[in-house]
Number of protein chains: 2
Amino acid sequence: MSTGTTGREQPEAAPQASERHLRADAQRNRERILEAATALMATHGIDVPIDEIARLAQVGVGTVYRNFPTKGALFEALLMARIAPLVAAARSAATADDPGDAFVTFVRQVSDEFADFRALADAMAESGVDLSATKQHISGDLIVAVEELLRRAQEAGRVRPDVTISDVSAMMAGLSHADPSFMDPPQRQRCVALVCDSLLVGARSVLPQSDLAPSSSIRG
Amino acid sequence: MSTGTTGREQPEAAPQASERHLRADAQRNRERILEAATALMATHGIDVPIDEIARLAQVGVGTVYRNFPTKGALFEALLMARIAPLVAAARSAATADDPGDAFVTFVRQVSDEFADFRALADAMAESGVDLSATKQHISGDLIVAVEELLRRAQEAGRVRPDVTISDVSAMMAGLSHADPSFMDPPQRQRCVALVCDSLLVGARSVLPQSDLAPSSSIRG
DNA sequence: TGACAAACGGAACCATCGTTCCGTATAGTA
DNA sequence: TACTATACGGAACGATGGTTCCGTTTGTCA
């Protein structure tokens, strides 16, 4: 694994990752595996067994292991494919006209990604454990990008100046709990709004209505 | 154990076992098991193997299973012992002179409990799955108690009127991620403060200093 | 002290899951 | 068509962990 260091492993489908010529069936199977793994890890997270991925992809487990040396490697490949767009989004947000709005939009985007791909939330939850070099590198990029976004939003006076990148990371990790299995989308949006309210200067969002929460609160 | 409040524990798990007369060694072993399980689940969460609990308690696994029919039952017994004081705390907070402050104190208390007893955070995280009748009953009590506390704090004008009990539950579930394994205590306190800021009316806490997060936020 | 039910310990059992191995099938090519 | 490197499938392996079983030990009481 620590060979090469060309660093051009493209997780998504990775056609050029194989310099050598892949047989047609091998190419097709690789794509099927990535598809199946994406579908299952989206809903079931990291805990889905390799056997099930193989079955859904209609290949044997051996074929999965021929493409990815370990389950972790497969997991990581999918994860990187998910994180890369977030890095791009954070970078783009950092240069937006209104960094405050861009910050909020980015937080919502991350939460959406957690909901769409449970395995990402899993990775966020178990933050710190068994991160490979690649994963650390890319998620490092993410941190750097968010740091810049945060700085801009603070300079624009939209995000509280006493908030740190650690705070933002931690609050986002908290949001990773907002998976659809026990939280309906409106509730998740309410949480995002609340988290943003806590980070922004003088913000008080109008919380979206939730199905599950009939607010019979005190409002007369 | 910073949670204190009421230091008393109620290790009632197997109803019929507590009814009939227990042999002296059986009684001692039962206590040892509860002690060992508490210690291990506090740091390692629900994932600690029964064998390790038995070893620490210096008993065989069979003895563990004679006291608790399944691992889940043992887990649940410990959990209930942790939740009961929180229910009491919530009830007492609801009648406090300043329900706003009491609300904040309670949120902090829950977060402390998550940090002190990782298994509770695990349970909060996997919210909804395989809750037994007992567990549902007691955590139902907790919800009711927090609901009352929330209502009072809203009536006092301290908590935003548009916040629901679902919001509070969800935000607390998010805080359950704040386990010590990747978050130092000051960082956890910052998160609690941020969450409270999002729920309270016009609140903007002074965030406690974190070891890991030098507050050179806007970059000096 | 002797008898016996209660309790004990931990080997064994079973299910799950990641990973490996190897005999077989096939895409690509001459 | 025949040949072979490549790829395939899935049985088998090993580790882990929850649970059961049973021969042995021990507390209790007469």
Side-chain angles (χ1 to χ4, degrees), chain A residues 1 13-15 17-37 40-41 44-79 119 122-123 126 129-130 132, chain B residues 13-37 40-41 44-79 119 122-123 126 129-130 132:
Chain A
M1 287 292 283
S18 56
E19 307 287 346
R20 67 178 185 280
H21 183 243
L22 266 188
R23 237 168 64 174
D25 55 344
Q27 178 65 36
R28 188 191 60 229
N29 283 336
R30 183 185 175 84
E31 281 160 16
R32 276 185 170 178
I33 290 165
L34 283 168
E35 244 175 79
L40 289 175
M41 285 194 181
H44 296 80
I46 179 63
D47 283 335
V48 58
I50 289 283
D51 305 54
E52 276 189 35
I53 294 174
R55 194 185 319 136
L56 183 59
Q58 291 178 298
V59 301
V61 284
T63 301
V64 175
Y65 278 92
R66 209 165 304 110
N67 281 274
F68 304 94
T70 65
K71 184 186 177 181
L74 170 57
F75 177 57
E76 192 178 313
L78 298 182
L79 218 53
D122 287 352
E126 324 231 333
V129 292
D130 70 355
S132 82
Chain B
Q16 63 278 68
S18 54
E19 297 284 342
R20 70 168 178 267
H21 182 245
L22 271 185
R23 237 168 64 176
D25 54 345
Q27 180 65 37
R28 188 192 60 229
N29 283 335
R30 183 186 175 83
E31 281 160 16
R32 276 185 170 176
I33 290 166
L34 283 167
E35 244 175 78
L40 290 175
M41 286 194 179
H44 296 81
I46 179 63
D47 282 335
V48 57
I50 290 282
D51 306 53
E52 278 188 35
I53 295 173
R55 194 184 319 136
L56 183 60
Q58 291 179 295
V59 301
V61 283
T63 300
V64 176
Y65 277 92
R66 209 164 304 108
N67 281 276
F68 305 94
T70 64
K71 184 186 179 183
L74 170 55
F75 176 57
E76 193 177 310
L78 298 183
L79 219 53
D122 287 352
E126 325 229 333
V129 291
D130 69 359
S132 81

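Labels below follow one simple rule: chain letters A, B, ... track the order of the sequence lines, proteins then strands, and each chain is numbered from 1. Just so you know, these numbers use all the heavy atoms, side chains as well, and skip hydrogens, waters and symmetry mates.
Shown here for B:Ile50 and B:Lys71, the closest heavy-atom pair between the two residues is CD1-CG, 3.7 Å. Of all heavy-atom pairs between A:Leu78 and A:Met41, the closest is CD1-SD, 3.7 Å.
Taken from CG in A:Leu22 to CZ in A:Arg28, the straight-line distance is 12.0 Å, to the nearest 0.5 Å. Here CD1 of B:Ile53 is found 13.5 Å from OG1 of B:Thr63. Values are rounded to the nearest 0.5 Å. The distance from atom CZ of B:Arg30 to atom CD of B:Gln27, rounded to the nearest 0.5 Å, is 7.5 Å. Note: A:Glu76 CD to A:Thr70 OG1 = 8.0 Å, rounded to the nearest 0.5 Å. We find the CZ-CG distance between B:Phe68 and B:Leu34 to be 4.0 Å, quoted to the nearest 0.5 Å. Going from atom CD1 of B:Ile33 over to atom CG of B:Leu56 covers 11.0 Å, rounded to the nearest 0.5 Å.
Taking atom CZ of A:Arg30 as the reference point, atom P of D:dC8 lies 11 Å away to the nearest angstrom. Rounded to whole Å, atom C1' of C:dG9 lies 18 Å from atom CD of B:Glu52. The separation between A:Asn67 atom CG and D:dG9 atom P is 11 Å, rounded to whole Å. Rounding to whole angstrom units, CZ of residue B:Arg28 and C1' of D:dT25 are separated by 13 Å. At whole-Å resolution of the value, CZ in B:Phe75 and C1' in D:dG17 are 16 Å apart. When rounded to the nearest whole Å, the span between NE2 of A:His44 and P of C:dC17 equals 12 Å.
One axis for each end of the helix from C:dT1-D:dA30 to C:dA30-D:dT1, each built from five base pairs, and the angle between them comes to 10° at 10° resolution.
Dashed line: the shortest gap from a side-chain N or O of A:Thr63 to OP1 or OP2 of D:dG9 is under 4.0 Å. Between D:dC8 and A:Asn29, a contact under 4.0 Å exists linking OP1 or OP2 to a side-chain N or O.
Within the 3.5 Å criterion, the main-chain N or O of A:Ile46 finds a donor-acceptor partner in the side chain of A:Asp122.
No contact: B:Gln27 has no heavy atom under 4.0 Å from any strand.
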Per-nucleotide protein contact along nucleotides 18-30 of chain C, 5' to 3', at a 4.0 Å heavy-atom cut-off (B base, S sugar-phosphate only, - neither), is SBB-----BSS--
